[in-house]
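Have a look at the structure below before the remarks.
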Amino acid sequence: YSLTDGIVTANDFINTKNEEKNINGDDIESLEKLILDLRKGSRFHLAKAITMIESSLKRDIQNTEFLLQKLKLENNTIRIGITGVPGVGKSTFIESLGIKLIEKGYKVAVLAVDPSSKKTGGSILGDKTRMQKLSVNENAFIRPSPSDGHLGGVAKKTRESIICLENAGYNIIFIETMGVGQAETTVCDMVDIFLVLLLPTGGDELQGIKKGIIELADVIIVNKADGSLEKSADLTVREYSNAVSILGRDDSQENLEIFKCSSLNLNGLD
């Protein structure tokens, strides 16, 4: 813990006594240059670092441990985890909110986790295509990553990728989960704000008192509150507000707020 400036990864607990852990001098030199360029905000070197972190090659795993030992934990960033059912509009919401945050002077990063196929092992990694304005903004960085079979809505190396983004100067980081349902709670342990998106027809009071993501949420937002769905959105906000009022919550969630918004029409984002 003290040797790595507080950054501890799962690999630190693996018994690798018989494995060669030495990194050759050329790799050390290139990694130190990578860290310098990363801290200067180079998008190319940031992408390169995350690719190395996600790699399963032995050499990349060793280099990743060296990289993480040299990086520092940043406490001036805000991590926002966003979850919700598939089709709720997570990508559109992140783009609309991200553009507004950039206009206020923030640098925004997005880690979008995509489910991996059980049959082929591949992922589409297509969430970036829904963020056309954000993806070309110089103050934004979007990185789709495969889940690689990891459960809980995030990828195995999401936490390490966040550290790279923070060192590259991004002060608001969105983690967009796969969108698998009520058990998608792993992201809650790695973010400052856990935000749950709901559809205007997202259920009744019973759904609101179910355990899982609703129980852990810091903010609940009913998205797609526009057109013919606006009245349904008002009803969903009212029903979830009633449910939360009777749900036993700890002190950290006593001020849970429920909003409605339209990411498409940019209503309610302020």
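- Checked by atom type, the side-chain pair Ser263/Asn223 shows a donor-acceptor distance below 3.5 Å.
- The nearest pair of heavy atoms linking Leu71 to Cys164 is CD1-SG, 4.0 Å.
- Contact record, Met52 with Asn63: SD-CB, 3.6 Å, taken as the closest heavy-atom pair.
- Ser55 and Asp60 form a side-chain donor-acceptor contact under 3.5 Å, judged by distance and modelled atom types alone.
- Remark: Leu266 CG is packed, more than 12 non-hydrogen atoms of other residues, nucleotides or ligands lying under 6.0 Å away.
- Using a 4.5 Å heavy-atom cutoff, the side chains of Leu256 and Ile220 are in contact.
- Atom CG in Leu38 sits 12.5 Å away from atom CZ in Phe44 (nearest 0.5 Å).
- Tracing side-chain contacts under 4.5 Å through hydrophobic residues (I, L, V, M, F, W, Y), one never reaches Leu235 starting from Leu199; they form parts of separate clusters.
- The main-chain N or O of Asn139 is found under 3.5 Å from a side-chain atom of Asn137 such that the two form a donor-acceptor pair.
- Ion pair Lys100/Asp270 flagged as a salt bridge, since at least one NZ, NE, NH1 or NH2 atom sits closer than 4.0 Å to an Asp/Glu carboxylate oxygen.
- At least one side-chain heavy atom of Val191 sits under 4.5 Å from a side-chain heavy atom of Ile175.
- Val108 is not listed as a side-chain neighbour of Ile142, based on a closest heavy-atom distance of 4.5 Å or more.
- A heavy-atom distance below 4.5 Å is not found between the side chains of Tyr170 and Thr77.
- Among all heavy-atom pairs drawn from Leu134 and Gly98, the shortest one is CD1-C, 4.0 Å.
- Under a cut-off of 6.0 angstrom, the local environment of CZ in Phe66 is crowded, with over 12 non-hydrogen atoms contributed by other residues, nucleotides or ligands.
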side-chain contact (heavy atoms from CB on, under 4.5 Å) evaluation trace for Val222 with Phe259: CA-CA 6 Å; Val222 180; Phe259 303 103; over 6 Å; no

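- Residues Cys261 and Ile221 come closest through the heavy atom pair SG-CG2, 3.7 Å.
- Transitive grouping of hydrophobic side chains (ILVMFWY, heavy atoms separated by less than 4.5 Å) brings Leu195 and Ile99 into a common cluster.
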Using the rule given for side chain to side chain donor-acceptor pair (under 3.5 Å), can you reason through Arg59 versus Thr64, listing the C-alpha separation, both sets of side-chain angles and the distance that settles it, and then say yes or no? CA-CA 9 Å; Arg59 179 181 177 183; Thr64 295; over 6 Å; no

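- When hydrophobic clusters are built by joining Ile, Leu, Val, Met, Phe, Trp and Tyr residues whose side-chain heavy atoms come closer than 4.5 Å, directly or via intermediates, Leu73 is grouped together with Met190.
- Counting only distance, with no hydrogens or angles, the side chain of Ser135 and the backbone of Gln132 share a donor-acceptor pair below 3.5 Å.
- The line from CD1 of Ile82 to NZ of Lys90 is 9.5 Å long, rounded to the nearest 0.5 Å.
- Note on Glu138 versus Lys107: no salt bridge recorded, every NZ/NE/NH1/NH2 to OD/OE distance being 4.0 Å or above.
- Annotation: side chain of Arg39 is in contact with side chain of Lys72 (closest heavy-atom distance under 4.5 Å).
- Salt bridge Glu166/Arg79: present, at least one basic N to carboxylate O contact under 4.0 Å.
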Given Tyr240 and Val196, is the side-chain contact (heavy atoms from CB on, under 4.5 Å) satisfied, shown in steps? CA-CA 12 Å; Tyr240 271 81; Val196 176; over 6 Å; no

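- Checked by atom type, the side-chain pair Thr83/Thr177 shows a donor-acceptor distance below 3.5 Å.
- Thr51 OG1 to Lys157 NZ: the interatomic distance, rounded to the nearest 0.5 Å, is 12.0 Å.
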Side chains of residues 225-234: which donor-acceptor pairs under 3.5 Å do they make with residues two or more places apart or in other chains?
from	atom 1	to	atom 2	distance (Å)
Asp226	OD2	Ser262	OG	2.6
Asp234	OD1	Lys260	NZ	2.6

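- In terms of modelled atom types and a separation under 3.5 Å, the side chain of Glu95 and the main chain of Lys133 share a donor-acceptor contact.
- Considering only heavy atoms from C-beta on, Ile80 stays 4.5 Å or farther from Asp192 through its side chain.
- Atom OG1 in Thr236 sits 13.0 Å away from atom NZ in Lys224 (nearest 0.5 Å).
- The side-chain heavy atoms of Phe93 and Leu269, taken from C-beta on, include a pair separated by under 4.5 Å.
- Between Val110 and Met131 the shortest side-chain heavy-atom distance falls below 4.5 Å.
- To the nearest 0.5 Å, atoms CD1 (Ile162) and CD1 (Ile53) are separated by 10.5 Å.
- Ile94 is connected to Val85 through a chain of hydrophobic side-chain contacts under 4.5 Å among Ile, Leu, Val, Met, Phe, Trp and Tyr, so both are in one cluster.
- In terms of modelled atom types and a separation under 3.5 Å, the side chain of Asp218 and the main chain of Phe194 share a donor-acceptor contact.
- Interatomic distance, Ile35 CD1 to Leu31 CG, rounded to the nearest 0.5 Å: 6.5 Å.
- Under the side-chain contact (heavy atoms from CB on, under 4.5 Å) rule, Leu197 has a single partner from Val88, Thr92, Val219, which is Val88.
- Among all heavy-atom pairs drawn from Ser161 and Leu111, the shortest one is CB-CD1, 3.9 Å.
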